[in-house]
S.K.: 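Mind looking over this structure? Questions follow.
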Amino acid sequence: MTESGSAPITVGDVVAVMDALFPPDTCEAWDRVGLSVGDPAASVRSIGFAVDPAQATVDEALERGVDMLITHHPLYLRGTHSVAATTGKGRWVTSLIRGGVALFSAHTNADVAASTAALAELLGVSIEAPLDEETGIGGVGTLEQALTLEEFARHVEEVLPRVPAGVLVGGDLQRPIRRVAICSGSGDSLLDNANAAGADVYVTADLRHHPATDHLWNGGCSLVCATHWASEWPLLPIMATRLAAHLPGLDINDMYISEIPTDPWSLSLRS
């Protein structure tokens with residue numbers, strides 16, 4: 001909370017700090033980051049963090065009575081001509097405005113600055129270099145102690161948030177794993193980079209059938225595939241901690257991290 005007699009923190013203040021921590025000019029050209037909903041002059045006393053702007057996370061923000069919701073994924077990645085409450089996203093915008101909740105996102109700019117580090121720390125991987133030198137996305141590093149692929153995959157499942165879809169593993173389960181490539185979120189475009197980096201395993205999300213099978217059939221490194229929400233959720237606590245540290249007057253206790261999975265999958269059925 002703001003100290004007695006001090007000027008109230010505004011949406012604009014939060015945006016300025018977030019942009020300094022996660023510079024928008026480092027995001028991909030196709031990305032759309034920043035303030036989507038809200039008045040920069042509006043005061044902020046509490047903030048929620050979520051991976052996705054979605055019905056569940058918007059409802060949660062409104063129920064908790066926060067003034068601002070910061071998400072990793074943007075509300076709109078492509079142009080829109082309407083925010084009428086005739087679509088899901090239109091309803092969310094309407095609800096946020098009516099509830100006085102601002103919406104801000106830091107996406108690929110946050111990936112460059114923190115997502116890889118957040119996931120690597122959970123996995124016990126010491127990052128040595130980005131996976132994609134041109135964009136700074138992802139990372140490659142080493143485990144302190146080698147594990148088999150099965151042991152490593154079970155470790156991934158243990159440290160990531162549990163979701164219905166679980167974790168998928170590709171490759172020889174007894175293969176020794178020491179060098180690890182990481183890309184939180186959708187990473188099948190960087191399969192070749194993982195191989196070029198000499199990785200024993202590549203940890204990412206949303207791997208498609210043909211890129212993954214071609215990669216393995218051609219002798220590529222092992223694969224551990226999480227869901228998009230699970231692999232990017234570790235970023236949220238880092239966002240909250242860094243924001244609180246750089247915005248005097250707003251305490252970490254005035255923030256919450258949403259634990260609602262927003263993957264599209266609600267159940268995994270096994271025969």
S.K.: Would you name the heavy atoms of Cys221 and Ala199 that are closest together and state the gap between them?
M.R.: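 It is CB-O, 3.1 Å.
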
S.K.: What are the two closest heavy atoms between Ile238 and Ala114, and how far apart are they?
M.R.: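 Scanning both residues, the minimum pair turns out to be CG2-CB, 3.9 Å.
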
S.K.: Return yes if some donor-acceptor pair links the side-chain N/O of Asn193 with the main-chain N/O of Asp132 below 3.5 Å, else return no.
M.R.: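 No; judged by distance alone, with no hydrogens or angles, the pair does not exist.
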
S.K.: Under the criterion side-chain hydrogen bond (donor to acceptor under 3.5 Å, both in side chains), I'd like the reasoning laid out for Asp13 against Thr10: C-alpha separation, chi angles, the key distance, then a yes or no.
M.R.: CA-CA 5 Å; Asp13 293 330; Thr10 66; 3.2 Å; yes

S.K.: Which residues pass the salt bridge (Lys or Arg N to Asp or Glu O under 4.0 Å) test with Asp19, not counting sequence neighbours?
M.R.: none

S.K.: Counting distance only, does the side-chain N/O of Tyr202 pair as donor-acceptor with the main-chain N or O of Gly187 below 3.5 Å?
M.R.: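 Yes; at least one donor-acceptor contact below 3.5 Å.
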
S.K.: What's the spacing between Thr227 OG1 and Asp206 CG if we round to 0.5 Å?
M.R.: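 It is 7.5 Å, given to the nearest 0.5 Å.
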
S.K.: Taking Gln55's backbone N and O only, do any of them form a donor-acceptor pair with Arg91's side chain (distance below 3.5 Å, no angle check)?
M.R.: no

S.K.: Please report the closest heavy-atom contact between Leu119 and Ser231, naming both atoms and the distance.
M.R.: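 Between these two residues, the closest heavy atoms are CD2-O, 4.0 Å.
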
S.K.: Kindly say whether Ser258 contributes a backbone atom to a donor-acceptor pair with the side chain of Trp233 at under 3.5 angstrom?
M.R.: yes

S.K.: Is it true that, when you exclude Glu121 itself, more than 12 heavy atoms of the residues, nucleotides or ligands shown sit nearer than 6.0 Å to its CD?
M.R.: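 Open: at most 12 neighbouring heavy atoms sit under 6.0 Å from CD of Glu121.
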
S.K.: Is there a side-chain contact between Leu243 and Ile70 in this structure, where contact means two heavy atoms from C-beta onward sitting under 4.5 Å apart?
M.R.: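 SC-SC contact between Leu243 and Ile70 confirmed.
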
S.K.: Which heavy atom of Ile9 sits nearest a heavy atom of Gly249, and at what distance?
M.R.: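 Answer, listing the atom of Ile9 first, then Gly249: CD1-C, 3.7 Å.
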
S.K.: Could you pull out all residues at least two apart from Glu150 that satisfy side chain to side chain donor-acceptor pair (under 3.5 Å)?
M.R.: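 Glu150: side chain to side chain donor-acceptor pair (under 3.5 Å) contacts with Arg154.
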
S.K.: Using side-chain heavy atoms (C-beta onward) and a distance below 4.5 Å, is Ile97 in contact with Val37?
M.R.: yes

S.K.: Does Leu168 belong to the same Ile/Leu/Val/Met/Phe/Trp/Tyr cluster as Leu216, with side-chain heavy atoms less than 4.5 Å apart forming each link?
M.R.: no

S.K.: Linking I/L/V/M/F/W/Y whenever their side-chain heavy atoms sit closer than 4.5 Å, directly or via other members, would Leu75 and Met68 fall into one cluster?
M.R.: no

S.K.: Answer yes or no: is there a donor N or O on one side and an acceptor on the other, between the side chain of Asn218 and the main chain of Gly220, under 3.5 Å?
M.R.: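 Checked: no pair found.
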
S.K.: Between Asp263 (side chain only) and Trp265 (backbone N and O only), is there a donor and an acceptor less than 3.5 Å apart?
M.R.: no

S.K.: Is Val33 reachable from Leu77 through a run of I, L, V, M, F, W or Y residues, each pair having side-chain heavy atoms under 4.5 Å apart?
M.R.: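 Shared cluster, no.
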
S.K.: Do any N or O atoms from the side chain of Thr108 and from the backbone of Glu28 form a donor-acceptor pair under 3.5 angstrom?
M.R.: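 Present.
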
S.K.: Can you find a heavy atom in the side chain of Leu173 that is under 4.5 Å from one in the side chain of Thr148?
M.R.: no

S.K.: Between Leu160 and Phe152, is there a shared hydrophobic cluster once you connect ILVMFWY residues whose side-chain heavy atoms come closer than 4.5 Å?
M.R.: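 Result: yes, single cluster for both.
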
S.K.: If I take atom CD1 from residue Ile137 and atom OG1 from residue Thr116, how far apart are they, to the nearest 0.5 angstrom?
M.R.: 6.5 Å

S.K.: Which pair of non-hydrogen atoms, one from Cys183 and one from Thr204, has the smallest distance, and what is that distance?
M.R.: O-OG1, 2.8 Å

S.K.: Which residues satisfy the salt bridge (Lys or Arg N to Asp or Glu O under 4.0 Å) test with Arg178, sequence neighbours excluded?
M.R.: none

S.K.: Could you pull out all residues at least two apart from Asp67 that satisfy salt bridge (Lys or Arg N to Asp or Glu O under 4.0 Å)?
M.R.: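 Asp67 satisfies salt bridge (Lys or Arg N to Asp or Glu O under 4.0 Å) with Arg45 once adjacent residues are dropped.
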
S.K.: Side-chain contact, heavy-atom cut-off 4.5 Å: Asp111 with Glu232?
M.R.: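 A side-chain contact exists here, since the closest heavy-atom pair is under 4.5 Å.
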
S.K.: Scan for ring pair (Phe, Tyr, Trp, His ring centres under 6.0 Å) pairs involving residues 57-78, sequence neighbours excluded, and state none if there are none.
M.R.: His72-His107, His73-His107, His73-His228

S.K.: Between Val14 and Phe104, does the side chain to side chain contact (heavy atoms under 4.5 Å, CB included) criterion hold? Intermediate values first, please.
M.R.: CA-CA 9 Å; Val14 176; Phe104 176 93; over 6 Å; no

S.K.: Quick one: list whatever passes salt bridge (Lys or Arg N to Asp or Glu O under 4.0 Å) with Asp200, sequence neighbours left out.
M.R.: Arg175

S.K.: Minimum heavy-atom separation for Thr71 and Val51, please, with both atom names.
M.R.: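 Closest approach of Thr71 to Val51, heavy atoms only: CB-O, 3.9 Å.
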
S.K.: Quick check: do Leu207 and His215 have side-chain heavy atoms less than 4.5 Å from each other?
M.R.: no

S.K.: Rounded at 0.5 Å granularity, tell me how far CZ in Arg78 sits from CZ in Arg32.
M.R.: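 Atom-to-atom, Arg78:CZ and Arg32:CZ are 10.0 Å apart.
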
S.K.: Treat each ILVMFWY residue as a node, draw an edge where side-chain heavy atoms are under 4.5 Å apart, and state whether Leu35 and Val83 are in one component.
M.R.: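 No, no single cluster joins them.
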
S.K.: Taking atom CG of Asn253 and atom OG of Ser46, what is their separation to the nearest 0.5 Å?
M.R.: 12.0 Å

S.K.: Would you sort out whether Met18 and Arg242 count as a side chain to side chain contact (heavy atoms under 4.5 Å, CB included), showing the intermediate values?
M.R.: CA-CA 9 Å; Met18 288 295 291; Arg242 290 188 184 179; over 6 Å; no

S.K.: Side-chain contact test, heavy atoms from C-beta onward, threshold under 4.5 Å: evaluate it for Val66 versus Ile47 and give yes or no.
M.R.: no

S.K.: Quick one: do Leu103 and Val93 satisfy side chain to side chain contact (heavy atoms under 4.5 Å, CB included)? Show the steps, please.
M.R.: CA-CA 9 Å; Leu103 177 65; Val93 170; over 6 Å; no

S.K.: Would you check, one step at a time, whether the test side chain to side chain contact (heavy atoms under 4.5 Å, CB included) holds for Glu128 with Arg179?
M.R.: CA-CA 10 Å; Glu128 300 160 6; Arg179 190 161 176 80; 2.9 Å; yes

S.K.: Could you state the interatomic distance from CG (Leu62) to OG (Ser95), rounded to the nearest 0.5 Å?
M.R.: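 One gets 6.0 Å once the value is rounded to the nearest 0.5 Å.
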
S.K.: Could you tell me the separation between the CG atom of Leu149 and the CD1 atom of Ile177, rounded to the nearest 0.5 Å?
M.R.: 5.0 Å

